[in-house]
Number of protein chains: 2
Amino acid sequence: MVRAARSYHHGDLRAALVEAGLKLARTGGIGALGVRELTRSVGVTPNAAYRHFADREALVLAIAVEAQDRLAQTMLDRMKAIRADADPADRALARLRAVGEGYVHFAMAEPGWFELAILTRDEPGDDSPQPTIESRVAPPYQLLVDALDGLVEAGVLTPAQRPNAEVACWSTVHGFADLATRGPLRAQDPPILDALATYVVDTIIAGVAAPPR
Amino acid sequence: MVRAARSYHHGDLRAALVEAGLKLARTGGIGALGVRELTRSVGVTPNAAYRHFADREALVLAIAVEAQDRLAQTMLDRMKAIRADADPADRALARLRAVGEGYVHFAMAEPGWFELAILTRDEPGDDSPQPTIESRVAPPYQLLVDALDGLVEAGVLTPAQRPNAEVACWSTVHGFADLATRGPLRAQDPPILDALATYVVDTIIAGVAAPPR
DNA sequence: AGGTGAGTGTCTACGCTGTCCACATCCACC
DNA sequence: GGTGGATGTGGACAGCGTAGACACTCACCT
């Protein structure tokens, strides 16, 4: 099924565009994902992209799905480093920290991909054939939900403290990531940002687990 | 100095453009601030704008400064409602809540202006003659700093808890505002969002004021 | 083998954008 | 009462996303 080097038909233009998009977005963010620039980098005419994507937004969203998966993967990688012989409560806390710190570190290490990973579709728009950003539960979000459920199981959180906890956690790491990559903190040195990141994550966890309320 | 209705020279095109920009951005966000659309709404040629602004970005930033001031103003308005006869610690806490809830409510009530208010200049860029987003301390940020200092004064926070607290608070409200206006929460009903907003603000305050750490 | 139709890429063109350059106009001041 | 600097106009250019008509190629079916 793999086609010879360069025939009239490309072979798998869709996949090639997504791959090229990841490469371009890594340094240039979403702004670098122009239809012309993208197709040019694959050696194809701009309109060829329209055989595989309805419009530019659909193309960008397909790339965004890939970026979102990579974000989830870095969270999972951080979880692997958790010692299996630790106290269950500590392990549950460490998993939540892995989610939060994975989020902000991914944002700082790969701001271009991060910008894609947090994309949300502009308009409601009906169901679409391809898996798009909102037609699936975002894997990173699912990891957050699981981590919080784990905290309840481990007895770190009371069931009464559980509702809406994902909103608080997500808001905090999301906001910090935005401030650190595009906002006023973006000029800070990486070591400082790292320290701030762990402080911020610890603080929101402390808030979620704070006494009664 | 006020000029007759419509002569060759406009009178105060710069101010007129900023004012028109606020009106356009209120419903359309930054995307509605095209040079052509903006100048058209003032009844002037696109190039006329270039007599007052270096490029489109400078024009948008001038409008952003105005939006940022309005954000600060809604925070101040919320502070006015605080009872003056309350316990100092309670009043200090109420001021911080006014800052946080003012931030998220402004974002939800005026998403277009909010998008402008949180703009940050793209490139380092040298100093510029006009007051731009980063050549001044953002008024909303200053209010946050003052409110946190007030918490230390009132004894709610220990001096050891003070450092970096603005980063945690800001991250949380900023992240929530983004999720609620452009992110996955943007479809939620306003009453639900309001409840989430106060929960999120309370949670981060609890985290900042959490026992030792 | 030979046609046929679906799939895929190209070419041309349109309207939109931000921005540059040369020119027209107006106002303040000497 | 001219003159110069500030301000607005007109036309043009390159780049963008995208639509429509056309060209090529391949898989399949007789």
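Within every chain, numbering begins at 1; the chains are lettered A, B, ... in the order of the sequence lines, protein sequences first and strands thereafter.
Phosphate contact (OP1/OP2 of D/dG8, side-chain N/O of B/His52, threshold under 4.0 Å): present. Taking 4.0 angstrom as the limit, A/Arg40 places a side-chain polar atom (N or O) nearer than this to OP1 or OP2 of D/dC16.
Atoms OH (B/Tyr50) and P (C/dG18) sit 7 Å apart, rounded to a whole Å. Spacing between atom CZ of A/Arg56 and atom P of D/dA19 amounts to 14 Å, rounded to whole angstrom units. B/Leu17 places its CG atom 13 Å from the P atom of D/dT7, with the value rounded to the nearest Å. Between the CG atom of A/Leu13 and the C1' atom of D/dT25 there is a distance of 15 Å, rounded to whole Å. As rounded to whole Å, 14 Å separates atom C1' of D/dA6 from atom CG of B/Asp12. To the nearest angstrom, P of D/dC16 lies 13 Å from CG of A/Asn47.
Residues passing the salt bridge (Lys or Arg N to Asp or Glu O under 4.0 Å) test with A/Asp55, sequence neighbours excluded: none. Under the side chain to side chain donor-acceptor pair (under 3.5 Å) criterion, B/Thr172 pairs with A/Thr172, not counting sequence neighbours. Considering only residues two or more places apart in sequence or on other chains, A/Glu101 meets the side-chain contact (heavy atoms from CB on, under 4.5 Å) condition with A/Arg78, A/Arg97, A/His105, A/Thr198, A/Val201. Qualifying side chain to side chain donor-acceptor pair (under 3.5 Å) partners for A/Glu110, counting only residues two or more places apart in sequence or in other chains: A/Arg26.
Here D/dG8 is the nucleotide among D/dG8, D/dC22, C/dT19 with the atom lying nearest to any side-chain atom of B/Arg51.
The heavy-atom pair separating A/Leu93 from A/Ile205 by the smallest distance is CD2-CG2, 3.8 Å.
Interface residues of residues 27-39 of chain A facing DNA chain D, ordered by number: A/Gly34, A/Val35, A/Arg36; criterion, heavy-atom separation under 4.0 Å.
Counting only residues at least two apart or in different chains, salt bridge (charged side-chain N to carboxylate O under 4.0 Å, His left out) contacts with residues 39-53 of chain A are absent.
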